Amino acid sequence: MIQSAATVMERCEILGAISEESGILVRPYGSESMRRVNEIVAGWMRDAGMTVRSDAIGNLIGRYEARKEGGGTLVLGSHLDTVRDAGRYDGPLGVLVALACVECLNASGERLPFAVEVAAFADEEGLRFGTTFLGSSAFACTLEPGLLDLTDGDGVRVAEAVHAFGGDPDALARADRSPNDLIGYCEVHIEQGPVLERLGLPVGVVSAIQGQSRVGVGFVGEAGHAGTVPMEGRRDALPAAAEFVLAVEEAARRQEGMVATVGTIEAHPGAGNVIPGEATLSLDLRHGDDGVRGSALQALRERAKEIARARSLESSWRVRQESKAVPTSPDLTELLARAVEEIGLPAHRLPSGAGHDAAEVAAIAPVAMLFVRCERGISHNPAESVEEEDVAVAVETISRFLALLAGERG
Ligand code: HGY
Ligand code: MN
Ligand code: MN
C-alpha cells in the first residue's frame with residue numbers, strides 16, 4: 001500500500017500540473033487540460049487491466065471485470081475538474097486511490113464477484129457554468145434538461161460544450177447503464193475541514209452530505225458617467241449587490257448550521273469612470289436540512305427584490321442548480337467502518353459540509369465516502385496538502401472494503 005500511495009502522490013502532482021493557465025491550477029469542464037488529464041488517466045486505467053469508456057457528458061469510466069458476469073458493479077471514483085487556483089487533491093485523490101486499489105487487484109490477478117468501475121467525473125465543481133455535479137448528475141441520469149441551456153462566460157451553452165467535448169447532449173437524459181446492476185458507489189475525498197487533523201486520525205467515514213443551492217443573482221439599473229450624473233437619482237447596480245452580499249452574510253450568521261457565500265461579483269460595463277448599470281453575483285447556500293435551506297433561499301430572494309425596489313432597479317434570480325442533503329448508506333458505511341477498524345483505527349463518523357459526486361450518485365445507488373485528513377482543513381486553495389501515509393491508509397481501507405464486500409457477495 002505504501003508503494004501505491006507513493007504512486008498516487010506522484011500522479012496527483014502530474015495531474016496538478018495540467019491546467020488551462022500557467023502558474024495556477026484551473027481545469028474546467030470540457031477544457032483542453034481536462035482532455036489531456038482524461039487521456040493520461042485512461043492510459044493508467046488500461047494499464048491496470050480496465051476497459052475504458054466515456055459517457056455522454058465525457059465522464060471517464062474504467063471497468064475491471066468480475067470473476068464472472070452478473071455479479072453487479074461497484075463504482076469507485078471522484079472528479080477531475082477543479083475550481084480556479086485549485087489544490088491537487090480535491091477530486092483527483094479519489095480517482096487515483098480507486099485506481100490504485102484496482103492496480104493491486106490486477107497485479108495479483110485477483111477478480112472479485114462483482115465488477116469494479118472507476119469513475120472520473122468531468123464536472124463536479126461547476127466552475128464553467130456556475131452549477132455543481134454536472135458529471136455525476138449525467139451519470140445518475142438526474143441532469144435537468146433545462147441545464148443544457150445555461151451558458152458559460154463566453155456564451156457557450158452546456159449542450160454545445162458537451163458536444164465539443166465529444167459527448168452527446170441528446171443522450172444525457174438516457175441512462176448509460178442499468179441502475180439494477182449497481183451495488184453502490186464509494187468515494188474517497190480529502191476532508192476539506194479540520195476535524196480529522198484535530199482528532200489525530202488519517203481517515204474518517206462520512207455520515208451525510210449537506211444540501212446546496214447555487215444561484216445567479218443580478219441587479220440592473222442604468223450605466224452613466226461617473227463625473228456628471230449626480231448621486232441623487234443614480235441607478236447604480238453595484239451598491240445593491242453590495243447590500244445583498246451583506247444580507248447573505250447576515251442570514252447565514254443568524255441560522256445555525258448554515259453557510260452562504262458570494263464567490264463572484266461583476267460590475268458591468270466595468271470601467272472605473274462608469275456607473276455600473278448591471279451587477280451580477282453568485283450565491284452558494286448550504287445547510288444539512290433541505291427545508292431550512294429552502295426557506296432561507298426564499299427569504300434572500302425576497303430581500304434581493306426589496307433591495308432592487310428601494311433603488312429603482314430590476315433584480316433577477318436564476319437557480320442554476322440545487323442538490324439535496326444526502327445520508328450515506330448505512331450498510332456500505334458500516335462496511336467501510338469495519339475496513340477502517342481492521343487496520344486498527346477508530347472509524348470516526350463525520351458529516352460533509354462540501355458537496356460530492358456521491359450526493360448525485362445516491363439517486364441510483366447506495367453511497368459511502370471515506371475522508372482523508374488534510375493539512376489545516378485547507379481546500380479550494382493551492383495549499384491543499386495530504387500526507388502519503390494517510391493516502392496509504394485510504395488505499396488499504398478501500399482494498400479491505402472491496403474484500404469485505406466480496407466476502408458478503410462471494
Ligand atoms: O463546492 C463543493 O462543495 C465541492 O467542493 N464542489
Ligand atoms: Mn471542491
Ligand atoms: Mn471535490
Side-chain angles (χ1 to χ4, degrees), residues 8 12 15-16 19 24-29 34 37 41 59-60 76-98 118-139 185-193 204 206 208-216 252 257-264 282-288 290 293 320-326 328 350-362 367-374 377-386 391 394:
V8 169
C12 286
L15 301 187
S19 169
I24 65 166
L25 174 54
V26 51
R27 203 162 54 227
Y29 171 74
M34 167 132 289
V37 297
V41 175
N59 297 318
L60 182 71
L76 305 173
S78 195
H79 58 99
L80 291 179
D81 66 313
T82 73
V83 291
R84 188 173 172 74
D85 203 7
R88 285 155 292 177
Y89 305 102
D90 175 355
L93 182 72
V95 175
L96 297 173
V97 167
V118 176
F121 293 113
D123 178 288
E124 190 267 3
E125 304 287 8
L127 177 64
R128 181 163 174 188
F129 294 101
T131 52
T132 183
F133 311 139
L134 287 185
S136 41
S137 60
F139 182 82
Y185 170 75
C186 182
E187 178 167 356
V188 173
H189 204 281
I190 55 169
E191 183 202 335
Q192 307 180 273
V206 177
I209 303 167
Q210 75 178 348
Q212 55 175 292
S213 303
R214 307 261 182 116
V215 186
M258 181 170 291
V259 284
T261 307
V262 175
T264 69
S282 63
L283 169 64
D284 176 314
L285 183 95
R286 307 185 189 204
H287 195 275
D290 292 330
R293 176 170 52 84
R320 296 185 81 89
Q321 210 167 352
E322 292 193 281
S323 68
K324 294 193 168 119
V326 172
T328 51
L350 70 172
S352 173
H356 296 289
D357 292 307
E360 281 301 322
V361 182
V367 301
M369 282 195 77
L370 184 76
F371 272 171
V372 179
R373 165 170 60 188
C374 60
I378 291 174
S379 77
H380 287 188
N381 183 320
E384 253 170 36
S385 175
V386 292
V391 173

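Residue numbers count from 1 along this sequence. Read the numbers this way: they start at 1 and go in the same order the structure lists the ligands and their atoms. The figures that follow rest on heavy atoms only: side chains count, while hydrogens, waters and symmetry mates do not. What you see is a predicted model, and the numbers here were worked out from it, not measured in a lab.
Arg27 places a side-chain N or O within donor-acceptor distance of the main-chain N or O of Leu15, the cut-off being under 3.5 Å. At distances below 3.5 Å, at least one donor-acceptor pair connects side-chain atoms of Asn59 with backbone N or O atoms of Gly135.
Taking CD of Glu124 as the start and OG of Ser78 as the end, the distance is 6.5 Å to the nearest 0.5 Å. Note that the SG atom of Cys374 and the CD atom of Gln192 stand 7.0 Å from one another [nearest 0.5 Å]. Here the NE2 atom belonging to His356 is positioned 10.0 Å from the OG1 atom belonging to Thr132, to the nearest 0.5 angstrom. Note that CD of Gln210 and CZ of Arg293 are 9.0 Å apart. Values are rounded to the nearest 0.5 Å.
Around the Mn ion (ligand 3), the angle linking Asp90 (OD1) with His189 (NE2) is 80°, rounded to 10 degrees.
The Mn ion (ligand 2) has an N, O or S atom of His380 under 2.8 Å away, backbone or side chain.
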Give every pair made of an N or O atom of ligand 1 and a protein N or O atom lying under 3.5 Å apart, one pair per line with both atom names and the distance to 0.1 Å, or write 'none'.
unit_1	atom_1	unit_2	atom_2	d
ligand 1	1 (O)	Arg214	NH2	3.2
ligand 1	1 (O)	Arg286	NH2	2.7
ligand 1	3 (O)	Arg286	NH1	2.5
ligand 1	3 (O)	Arg286	NH2	3.2
ligand 1	3 (O)	Gly355	N	2.6
ligand 1	5 (O)	Glu125	OE1	3.3
ligand 1	5 (O)	His380	NE2	3.1
ligand 1	6 (N)	Glu124	OE1	2.7
ligand 1	6 (N)	Glu124	OE2	3.1
ligand 1	6 (N)	Glu125	OE1	2.7

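Of all the N, O or S atoms in Glu125, the one closest to the Mn ion (ligand 2) is OE2.
Taking the six-membered ring where tryptophan is involved, the planes of Phe121 and Phe139 are perpendicular, since the angle between them exceeds 60° and thus also 30°.
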